[in-house]
Engineer: 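Would you mind keeping the following structure in view while I ask a few things?
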2 protein chains.
Amino acid sequence: MKSISLPLNNHSSSRKFLDLCVNNIPETNSYQARTSHRIFHKKQALYSVGDTFEGIFILRSGSAKSFITTIGGEEHITKFFYPGDLLGIDGFDAHSHAQNLHFLETSSVYFLKKSDINGLVKTSDDFRDCLLQSISHAMVCDMSMMMYLSMCSSEQRLARFILDLSMQFAERGLSAKDLLLSMSRTEIANYLGMAIETVSRILSNFQQRGIVDVKHRSLTILNFETLNRCAPNGLSSHVSRIEKSPKKEAVCH
Amino acid sequence: MKSISLPLNNHSSSRKFLDLCVNNIPETNSYQARTSHRIFHKKQALYSVGDTFEGIFILRSGSAKSFITTIGGEEHITKFFYPGDLLGIDGFDAHSHAQNLHFLETSSVYFLKKSDINGLVKTSDDFRDCLLQSISHAMVCDMSMMMYLSMCSSEQRLARFILDLSMQFAERGLSAKDLLLSMSRTEIANYLGMAIETVSRILSNFQQRGIVDVKHRSLTILNFETLNRCAPNGLSSHVSRIEKSPKKEAVCH
DNA sequence: CGTAAGGTTGATCTGAGTCAAGGTTCGTGG
DNA sequence: CCACGAACCTTGACTCAGATCAACCTTACG
């Protein structure tokens with residue numbers, strides 16, 4: 001499978017992040033150079049729940065999923081990752097990882113150990129801003145996901161998923177319409193909180209309506225217009241604010 | 001309504017966080033002392049989507065909710081906040097807030113402006129660790145919430161909600177069994193992604209089964225045992241790990 | 001080449017949403 | 001302090017989106 005990797009001409013914040021790390025950490029010895037880049041294969045784990053937190057990773061190429069497991073053994077996929085994404089932020093909490101991370105295909109990561117993070121945060125304003133921005137952005141995305149899960153129909157969630165994927169691909173310099181899914185139907189269903197049969201049915205339905213063309217794991221978006229109408233409404237941003245609820249009027253003491 | 005406020009003998013990470021801020025920022029003038037603490041009343045907004053991000057807040061007393069709004073005008077509550085919680089982290093992303101924050105009752109917040117955060121991150125290792133830990137913890141909670149939303153029945157979600165509330169109260173030195181809800185049924189339903197009628201029905205049902213005693217907004221947990229059995233299984237942690245999937249075996253280059 | 005994993009499709013069932021009606025509490029102004 | 005309207009909450013009846021069960025097809029891999 002052709003994997004995604006971060007193109008050099010990508011100036012998004014994730015790319016900037018990677019640059020900042022690579023250019024600011026003094027790689028005095030070749031040992032560090034060797035260990036800061038690692039390659040993993042499909043189904044391999046980067047970390048698992050309970051592993052000691054040693055630092056974060058930046059995905060350079062390939063794709064991955066993070067998931068949590070209940071005591072009963074059920075898994076729930078919490079996120080899919082693409083090049084430029086930060087992996088392992090969950091480890092800051094208890095100094096050990098709270099999630100599992102597995103790769104979906106052959107992938108490479110850049111390792112940024114805790115001491116390097118601490119150093120960079122002090123010395124580089126850009127790095128600090130980038131790190132906080134990146135984490136904050138991830139949280140904002142999680143909030144949207146929670147909204148989709150709690151307010152949208154299965155069709156809306158799947159439409160949103162495809163459109164989000166398309167955006168992710170486009171941001172990384174790939175086609176926005178020809179997508180190569182790196183996850184199985186089961187994984188999509190699990191992530192979106194629906195039965196695998198439902199994913200299959202909705203995809204077939206989209207196909208019949210001429211919205212997409214799906215064959216195995218390659219998906220072509222034929223009609224963005226209609227797909228967008230299937231997806232839930234976007235979030236309101238400051239642009240669309242008209243009237244506002246009771247404004248801040250603090251009482252100082 | 002009797003509001004919750006952070007007790008002085010609470011040595012949790014949130015309390016530590018607040019201490020770190022108060023003790024490390026030189027309050028050279030009385031102006032800052034006055035503006036760093038603010039009191040808000042029920043239904044007042046701390047910030048809204050699109051507001052310029054000027055810093056984060058620490059909730060000292062009371063309670064609050066954050067929510068996002070779709071273009072269509074629908075609201076979705078993303079989180080409830082209690083004393084010690086960090087408010088406004090969403091603003092780091094685009095330098096403007098991505099969510100709205102309203103108070104549920106009279107509350108007070110401590111304001112920590114951007115420049116202070118940047119300064120503290122450089123000078124105090126404790127502050128840096130606390131900030132990252134706090135954000136990371138919030139993300140881990142969001143992940144669980146996503147799992148509950150996508151895999152659990154309404155009854156399970158509501159049971160989990162009550163137990164989580166109970167824990168929040170206990171952590172803040174209040175009774176773990178006598179809860180005073182600061183949010184309406186509508187807000188609970190919205191947060192948990194279900195119809196208001198469903199919340200009402202499940203609460204009545206819990207009452208009939210002798211699990212809780214609900215009257216208006218005061219809720220007493222009568223049977224933790226049974227309530228726990230209603231809630232979804234907890235997450236597996238490193239303690240319960242037995243066998244592990246393919247371990248990390250990086251190929252270095 | 002055979003078996004397992006992954007994927008599709010149809011039939012049936014049910015949890016929870018929607019609609020409807022009535023009760024309770026709160027807040028404001030007379 | 002009471003009254004009236006609005007907001008909040010509860011309960012019942014009906015409906016439907018999507019889960020579950022079942023059978024079958026397709027692709028990947030040792």
Engineer: Which heavy atom of B:Val109 sits nearest to which heavy atom of B:Phe40, and what is that distance?
Structural biologist: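 Between these two residues, the closest heavy atoms are CG2-CE1, 3.9 Å.
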
Engineer: Roughly how many Å is it from CD1 in B:Ile202 to C1' in D:dT10, rounded to a whole number?
Structural biologist: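 About 14 Å, once rounded to whole Å.
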
Engineer: Roughly, in whole Å, what's the span from CD1 in A:Ile196 to C1' in C:dG10?
Structural biologist: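 It works out to 16 Å between those atoms.
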
Engineer: Centre-to-centre under 6.0 Å for B:Tyr110 and B:Phe57, is that the case here?
Structural biologist: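 They do not qualify: ring centres at least 6.0 Å apart.
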
Engineer: As an exercise, state the distance from CD1 of A:Ile211 to SG of A:Cys230, rounded to the nearest 0.5 Å.
Structural biologist: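 Result: 4.0 Å between the selected atoms.
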
Engineer: Return the value, rounded to whole Å, for the distance between atom NE2 of B:His216 and atom C1' of C:dT24.
Structural biologist: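 Rounding to the nearest Å, NE2 of B:His216 and C1' of C:dT24 are 8 Å apart.
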
Engineer: Send over the distance from B:Lys43 NZ to C:dG27 C1', rounded to a whole Å.
Structural biologist: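 Whole-Å distance recorded here is 10 Å.
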
Engineer: Testing the basics here: between B:Ser107 and B:Ser61, what is the closest heavy-atom pair and its distance to 0.1 Å?
Structural biologist: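 The pair with the smallest heavy-atom distance is CB-O, 3.0 Å.
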
Engineer: Relative to each other, are the rings of A:His97 and A:Tyr47 parallel, tilted or perpendicular (30° and 60° limits)?
Structural biologist: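 Aromatic pair A:His97/A:Tyr47 classed parallel.
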
Engineer: Looking at B:Glu197 and C:dC19, is any side-chain donor or acceptor paired with a base atom of the opposite kind under 3.5 Å?
Structural biologist: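 When only heavy-atom distances are counted, B:Glu197 does reach the base of C:dC19 through a donor-acceptor pair under 3.5 Å.
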
Engineer: Give a yes/no on whether any side-chain N or O of A:Ser204 is located under 4.0 angstrom from OP1 or OP2 of C:dT8.
Structural biologist: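 Answer is no, no contact under 4.0 Å.
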
Engineer: Applying a 4.0 Å non-hydrogen cut-off, can you work out what A:Ser200 is touching in the nucleic acid: base, sugar-phosphate, or nothing?
Structural biologist: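 Answer is base: heavy atoms of A:Ser200 come under 4.0 Å of a base.
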
Engineer: For a quick check, tell me whether the side chain of A:Arg201 and the base of D:dT20 share a donor-acceptor pair closer than 3.5 Å.
Structural biologist: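 Donor-acceptor pair under 3.5 Å: yes.
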
Engineer: Test B:Ser150 against every option in A:Met194, A:His76, A:Met145 by the side-chain contact (heavy atoms from CB on, under 4.5 Å) rule and name the one that passes.
Structural biologist: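 Of the listed options, the one satisfying the test is A:His76.
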
Engineer: How close or far is atom C1' of D:dC25 from atom CZ of A:Arg185, stated in whole angstroms?
Structural biologist: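 Result: 14 Å.
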
Engineer: Work out how much the helix from C:dC1-D:dG30 to C:dG30-D:dC1 bends between its end axes, five pairs an end, to the nearest 10 degrees.
Structural biologist: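 Here the helix ends are tilted 50° relative to one another.
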
